[in-house]
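First up is the structure itself, then whatever we jot down about it.
Every chain is numbered from 1, with letters handed out A, B, ... down the list of sequences.
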2 protein chains.
Amino acid sequence: MVQIKDVAKRAGVSVASVSRVLTGLPVVSEPTRLRVLAAVKELDYRPDLAARRLRSRRSDTIGLVVSDIRNPFFTEVSRAVEDVAFSRQMRVILCNTDEDPNKEASCLELMRDEKVSGVILSPSLKLLSHFTRADYGFPIVLVDRYERGIEADAVLLDNFDAAYRLTEHLLANGHRQIVFVYGAESATGRQRLEGHRAAMVKHQLPVQAEGVKPMEDQAREAALAVLKRSPLPQAVIASSGLILLGVAEALRATRTVIPRDIAVAGFDNLPWTQLVEPGLTVIAQPTYDMGREAIELLLQRIATPDKAMRQLVMRGELIERGSSAARQHT
Amino acid sequence: MVQIKDVAKRAGVSVASVSRVLTGLPVVSEPTRLRVLAAVKELDYRPDLAARRLRSRRSDTIGLVVSDIRNPFFTEVSRAVEDVAFSRQMRVILCNTDEDPNKEASCLELMRDEKVSGVILSPSLKLLSHFTRADYGFPIVLVDRYERGIEADAVLLDNFDAAYRLTEHLLANGHRQIVFVYGAESATGRQRLEGHRAAMVKHQLPVQAEGVKPMEDQAREAALAVLKRSPLPQAVIASSGLILLGVAEALRATRTVIPRDIAVAGFDNLPWTQLVEPGLTVIAQPTYDMGREAIELLLQRIATPDKAMRQLVMRGELIERGSSAARQHT
DNA sequence: CTGTTAGCGCGTTCAC
DNA sequence: GTGAACGCGCTAACAG
């Protein structure tokens with residue numbers, strides 16, 4: 001294996017100079033710099049990362065800790081994070097928590113052991129509720145989940161606003177009796193419920209909320225129960241893409257026609273939402289951008305650890321489709 | 001920072017013994033083992049991974065190199081890989097190639113630099129065609145993409161068989177004029193075309209294949225062109241989930257009714273395929289299992305590098321839904 | 001079974 | 001601007 005001293009020998013300089021060139025220290029004369037670079041290329045020298053990390057105590061690695069990478073939101077975030085990291089010569093280590101605080105703690109320990117430069121974290125409800133500030137030995141940027149007052153960098157949707165606007169849209173189209181199916185164990189779900197509640201209260205309408213566990217089949221069961229009510233509510237809102245999927249399955253299973261029998265709206269502009277008749281009205285999240293912003297924020301935090309914390313609140317985009325069409329007067 | 005010699009001092013033993021206990025060498029007496037473990041716990045000692053890796057020349061890290069993690073197939077595979085790796089105390093480093101041979105080469109170099117224990121790779125068509133055997137300095141397991149004769153471990157669907165059976169199913173339901181929309185730049189797509197071709201030839205029917213680039217909008221455009229034909233073909237098969245999505249979008253855009261106007265079938269049992277009316281007939285891949293098998297194969301290869309190569313060919317499951325219903329006689 | 005010791009390959013002083 | 005030498009924390013070889 002070719003190592004730094006081989007390069008030094010070949011270039012006729014000391015190992016120190018090679019190291020200086022490779023780490024980009026600007027204290028090397030141009031001639032030696034070029035000779036070192038040439039030698040590196042000729043020998044196809046690759047620095048040993050383990051040795052470098054041992055010596056420098058940095059890993060140039062980013063940790064990504066999410067509940068489940070199969071959640072399309074996190075899939076997209078991970079892609080953005082990997083893109084940016086790759087372009088900066090950094091690595092990404094992935095860890096799934098399944099919302100399990102124990103596994104979450106393991107993942108965070110793992111990141112500490114790896115001496116990651118920083119972590120992008122989507123915390124479980126439990127961790128979030130205990131979260132005051134990041135004292136893990138590495139900087140953390142929160143994505144998707146955040147509570148007012150937490151002293152941490154974060155990138156998230158304006159959940160309250162998005163749910164408020166989505167509800168207002170349904171109300172404007174004449175829907176009054178609305179059921180809000182949301183993830184009860186999710187900070188995000190709760191915030192969206194509050195936005196929905198605010199809109200309903202403003203119109204002096206009662207709030208009908210159905211809390212479900214964040215699983216597709218749970219959402220489907222809850223939706224089926226809702227669809228058995230008589231009279232049927234006029235509209236249903238799902239607080240996430242996963243829940244919206246469950247609701248859509250329930251509607252199909254019961255042959256309920258959208259929006260004739262019931263109007264539908266939800267979150268996350270997944271590809272299939274425009275496929276189911278007559279297209280589902282949703283709040284689109286700028287997921288890729290959120291991932292990109294998260295890692296940019298993290299890199300800035302790594303570069304300047306002492307700046308004030310920042311929360312980046314992004315606006316959801318209302319995409320109107322047929323599922324929320326105006327109600328016919330009866 | 002607490003390090004191994006602190007633990008040694010505390011336990012009243014040498015650093016060597018601590019190391020032996022921690023690496024699991026079975027040459028330590030039970031009493032010393034327990035005292036070391038106690039000292040580790042008391043001091044909350046965490047071994048320095050960089051130092052360990054430098055010395056032992058192993059990283060206990062698995063590389064996952066795929067075209068795009070957002071492809072649901074790879075998302076699922078990555079989840080399986082991470083699950084198994086986590087349970088074995090191993091890390092996963094992710095890299096997206098976008099089917100770009102240059103980026104692919106960069107990713108593989110990155111993995112070499114990281115001295116990964118092994119890589120799970122879904123190669124681009126170009127790399128696959130040059131692939132004879134893995135000589136990257138680490139073992140490789142191919143997933144999803146493989147060509148006969150390549151000397152490498154691999155986990156893949158029996159693409160020929162799956163497409164053959166899917167075609168036979170359509171034929172059995174009376175569909176004769178079938179258009180096969182497939183990923184022309186994909187080894188998998190081509191293999192599926194061959195299975196389709198075999199079934200058509202057997203029934204002495206002409207093959208109508210439309211090669212598209214593996215992008216949703218490309219598939220939609222191709223499908224739109226197909227739907228402009230007069231007379232309309234009796235059925236269309238999409239060779240992947242992404243292409244099926246494009247086809248479904250085209251059908252919806254043209255208000256074509258399934259299966260009255262045209263029958264539809266495809267690959268990948270994604271959640272939305274049962275949502276679009278009247279449910280899409282698909283070949284389901286055991287994606288999670290394929291990922292699990294891939295990393296298991298890799299771990300075995302790492303343990304015993306000289307065993308003969310193995311290819312695990314998995315069978316797709318035909319899920320019949322309304323979209324391929326039997327044709328009414330005219 | 002246990003302890004001593006020599007590096008693993010590199011980055012970073014400190015002289016020059 | 002450059003080189004010699006030390007040590008990052010650990011594992012493995014060897015000696016006892």
Just to be sure I understand the geometry, which residues of residues 30-43 of chain A put a non-hydrogen atom under 4.0 Å away from DNA chain D?
A/Thr32

For DNA chain D, which residues in residues 2-17 of chain B have a heavy atom at a distance below 4.0 Å?
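When residues 2-17 of chain B is checked for heavy atoms under 4.0 Å from DNA chain D, the hits, listed by number, are B/Gln3, B/Ile4, B/Ala16.
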
DNA chain D: first to last nucleotide in contact with chain A (atom under 4.0 angstrom from a heavy atom), 5' to 3', is D/dG1 to D/dG9

Listed partners of A/Ser106 passing side chain to side chain contact (heavy atoms under 4.5 Å, CB included), at least two apart
B/Phe86

How would you list, by chain and number, every residue that makes a side chain to side chain contact (heavy atoms under 4.5 Å, CB included) with A/Glu76, sequence neighbours excluded?
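A/Thr287, A/Tyr288, B/Arg70.
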
Pairs satisfying salt bridge (charged side-chain N to carboxylate O under 4.0 Å, His left out), at least one member in residues 298-310 of chain A, at least two apart:
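Residue pairs passing salt bridge (charged side-chain N to carboxylate O under 4.0 Å, His left out), neighbours aside: A/Asp153-A/Arg301.
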
Carboxylate-amine/guanidinium proximity below 4.0 Å for [X] and [Y]:
X       : Y        : value
B/Lys9  : B/Asp6   : no
A/Asp83 : A/Arg79  : yes
B/Arg46 : A/Glu109 : yes
B/Asp48 : A/Lys115 : yes

Would you say [X]'s side chain and [Y]'s backbone share a donor-acceptor pair under 3.5 angstrom?
X        : Y        : value
A/Ser17  : A/Val13  : no
A/Ser129 : A/Leu127 : no
B/Ser56  : B/Arg52  : yes
B/Asn96  : B/Asp98  : no

Based on the rotation axes of five pairs at each end, what angle does the helix from C/dC1-D/dG16 to C/dC16-D/dG1 bend through, to 10°?
30°

Can you sort out which residues in residues 47-55 of chain B have a heavy atom within less than 4.0 Å of DNA chain C? Ascending by number, please.
B/Leu54, B/Arg55

In terms of heavy-atom contacts, does NZ of B/Lys103 have more than 12 from other residues, nucleotides or ligands at under 6.0 Å?
yes

Side chain to side chain contact (heavy atoms under 4.5 Å, CB included) partner of B/Asp144, the single match among B/Val66, B/Val155, B/Leu156, B/Thr188:
B/Thr188

May I ask you to say what B/Ser29 touches in the nucleic acid, namely base, sugar-phosphate or nothing, with a heavy-atom cut-off under 4.0 Å?
sugar-phosphate

No-hydrogen, no-angle side-chain donor-acceptor test under 3.5 Å, A/Ser124 and A/Glu99
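A/Glu99 and A/Ser124 do not have a side-chain donor-acceptor pair below 3.5 Å.
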
Residues that A/Glu151 engages under salt bridge (Lys or Arg N to Asp or Glu O under 4.0 Å), provided they are two or more places apart:
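None.
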
With sequence neighbours excluded, what pairs up with B/Glu114 under the salt bridge (Lys or Arg N to Asp or Glu O under 4.0 Å) test?
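B/Glu114 satisfies salt bridge (Lys or Arg N to Asp or Glu O under 4.0 Å) with A/Arg53, A/Arg91 once adjacent residues are dropped.
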
5' to 3' on DNA chain C, which nucleotides open and close the contacts with chain A (atom under 4.0 Å from a heavy atom)?
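The contacted stretch runs from C/dG9 to C/dT13.
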
Exercise answer: donor-acceptor pairs, residues 31-42 of chain A side-chain atoms, under 3.5 Å, sequence neighbours excluded:
| from | atom 1 | to | atom 2 | distance (Å) |
| --- | --- | --- | --- | --- |
| A/Thr32 | OG1 | A/Ser29 | O | 2.8 |
| A/Thr32 | OG1 | A/Ser29 | OG | 2.8 |
| A/Arg33 | NE | A/Glu30 | OE1 | 3.3 |
| A/Arg33 | NH2 | A/Glu30 | OE2 | 3.4 |
| A/Arg35 | NE | A/Ala11 | O | 3.4 |
| A/Arg35 | NH2 | A/Ala11 | O | 2.6 |
| A/Glu42 | OE1 | A/Arg10 | NE | 2.6 |
| A/Glu42 | OE1 | A/Arg10 | NH2 | 2.6 |

